[in-house]
Amino acid sequence: MKDNFSKVKDYVLELEYNIVLEDENDEVLVVSKEDEGISNLVLGCADPLLIIEQYLFDLSDDADASVLKQLLQKNRDIIHGAFVLDDSGRKVIFRDTLQLENLDLNELEGSINSLSLLLSEYADEMIKFSQVTA
């Protein structure tokens, strides 16, 4: 529904994120806020859900099991969202889903803030994982 897309866009602007790409037909926004570590965060309205994804890094085909284990363990500490792998099993992505029907500004902000916090607290480990597994 276009109303949901407009609502999400209004929230993004109110939170002062830069809209890098906007596709109203597919109801997708790509946003950035470099000072918070957010770069090319994808927000997609797929009624009844808002899907939030940010690519983080690639794994090699023979990624060490300990890296995957550490990512799964870290999922327990993430306030909103989680580490996931794309269909290829190589790309590590932050992903969260929210209900569009009752989405409010605080809920969206909390989800994105969870990603910012994850990036600031876990950056060194993610850099290490990307270097070891690339």
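Keep in mind that this is a model prediction, so the values were computed, not measured.
- With Lys7 contributing its side chain and Leu100 its backbone, the two residues share a donor-acceptor pair below 3.5 Å.
- Taken together through direct or relayed side-chain contacts under 4.5 Å among Ile, Leu, Val, Met, Phe, Trp and Tyr, Ile78 and Tyr55 form parts of separate hydrophobic clusters.
- Counting only distance, with no hydrogens or angles, the side chain of Ser32 and the backbone of Asn40 share a donor-acceptor pair below 3.5 Å.
- Connection of Ile93 to Val67 is not established within any shared hydrophobic cluster, with ILVMFWY side chains joined at heavy-atom distances below 4.5 Å, either directly or through further cluster members.
- Considering only heavy atoms from C-beta on, Leu50 comes within 4.5 Å of Leu108 through its side chain.
- Using modelled atom types, no side-chain atom of Asn18 and backbone atom of Val20 make a donor-acceptor pair closer than 3.5 Å.
- Both Met126 and Leu59 sit in one connected hydrophobic cluster of ILVMFWY residues. Membership requires side-chain heavy atoms under 4.5 Å apart, directly or through other members.
- With hydrogens and angles ignored, the 3.5 Å screen pairs no side-chain donor or acceptor of Asp23 with any backbone N or O of Val28.
- The environment of Gln73 atom CD is dense: over 12 non-hydrogen atoms of other residues, nucleotides or ligands sit within 6.0 angstrom.
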(message) For a side-chain contact (heavy atoms from CB on, under 4.5 Å) check, start with the C-alpha distance between Phe5 and Glu22, then their side-chain angles and the critical distance, and finish with the verdict.
(response) CA-CA 10 Å; Phe5 179 74; Glu22 178 180 344; 3.8 Å; yes
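- For Gly37 against Gln54, the heavy-atom pair with the smallest separation is O-NE2, 3.8 Å.
- Pairing each heavy atom of Asp96 with each of His80, the nearest pair is OD2-CB, 3.3 Å.
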(request) Give the intermediate values and the outcome of side-chain contact (heavy atoms from CB on, under 4.5 Å) for residues Val92 and Leu85. (result) CA-CA 5 Å; Val92 177; Leu85 297 176; 3.8 Å; yes
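- Checked against side-chain contact (heavy atoms from CB on, under 4.5 Å), Leu117 has the following partners two or more places apart in sequence or in another chain: Ile79, Ser120, Glu121.
- Using a 4.5 Å heavy-atom threshold, the side chains of Leu98 and Ser111 count as touching.
- Enclosure of atom NZ in Lys74 by more than 12 non-hydrogen atoms of other residues, nucleotides or ligands within 6.0 angstrom is indicated.
- Ile51 and Val12 fall into different hydrophobic clusters, defined by Ile, Leu, Val, Met, Phe, Trp and Tyr side-chain heavy atoms under 4.5 Å apart, directly or through other members.
- With sequence neighbours excluded, no residue forms a side chain to side chain donor-acceptor pair (under 3.5 Å) with Tyr122.
- Residue-environment remark: CD (Gln99) exceeds the threshold of 12 foreign heavy atoms within 6.0 Å.
- Side-chain contact check for Phe129 versus Leu56: every heavy-atom pair is 4.5 Å or farther apart.
- Applying the side chain to side chain donor-acceptor pair (under 3.5 Å) rule to Glu36 yields the partners Tyr17, Lys33; only residues at least two apart in sequence or on another chain are considered.
- Hydrophobic cluster membership is shared by Leu15 and Leu41, with clusters built from Ile, Leu, Val, Met, Phe, Trp and Tyr side chains linked at under 4.5 angstrom.
- Looking only at side-chain heavy atoms (C-beta outward), Phe83 and Gln70 stay at 4.5 Å or farther from each other.
- Considering CG of Leu119 and CD1 of Ile38, their distance stands at 5.5 Å, rounded to 0.5 Å.
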(message) Applying side-chain contact (heavy atoms from CB on, under 4.5 Å) to Val8 and Cys45, what does each step give before you reach the verdict?
(response) CA-CA 8 Å; Val8 171; Cys45 297; 4.0 Å; yes
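- A side-chain donor-acceptor contact under 3.5 Å links Asp86 to the backbone of Lys91.
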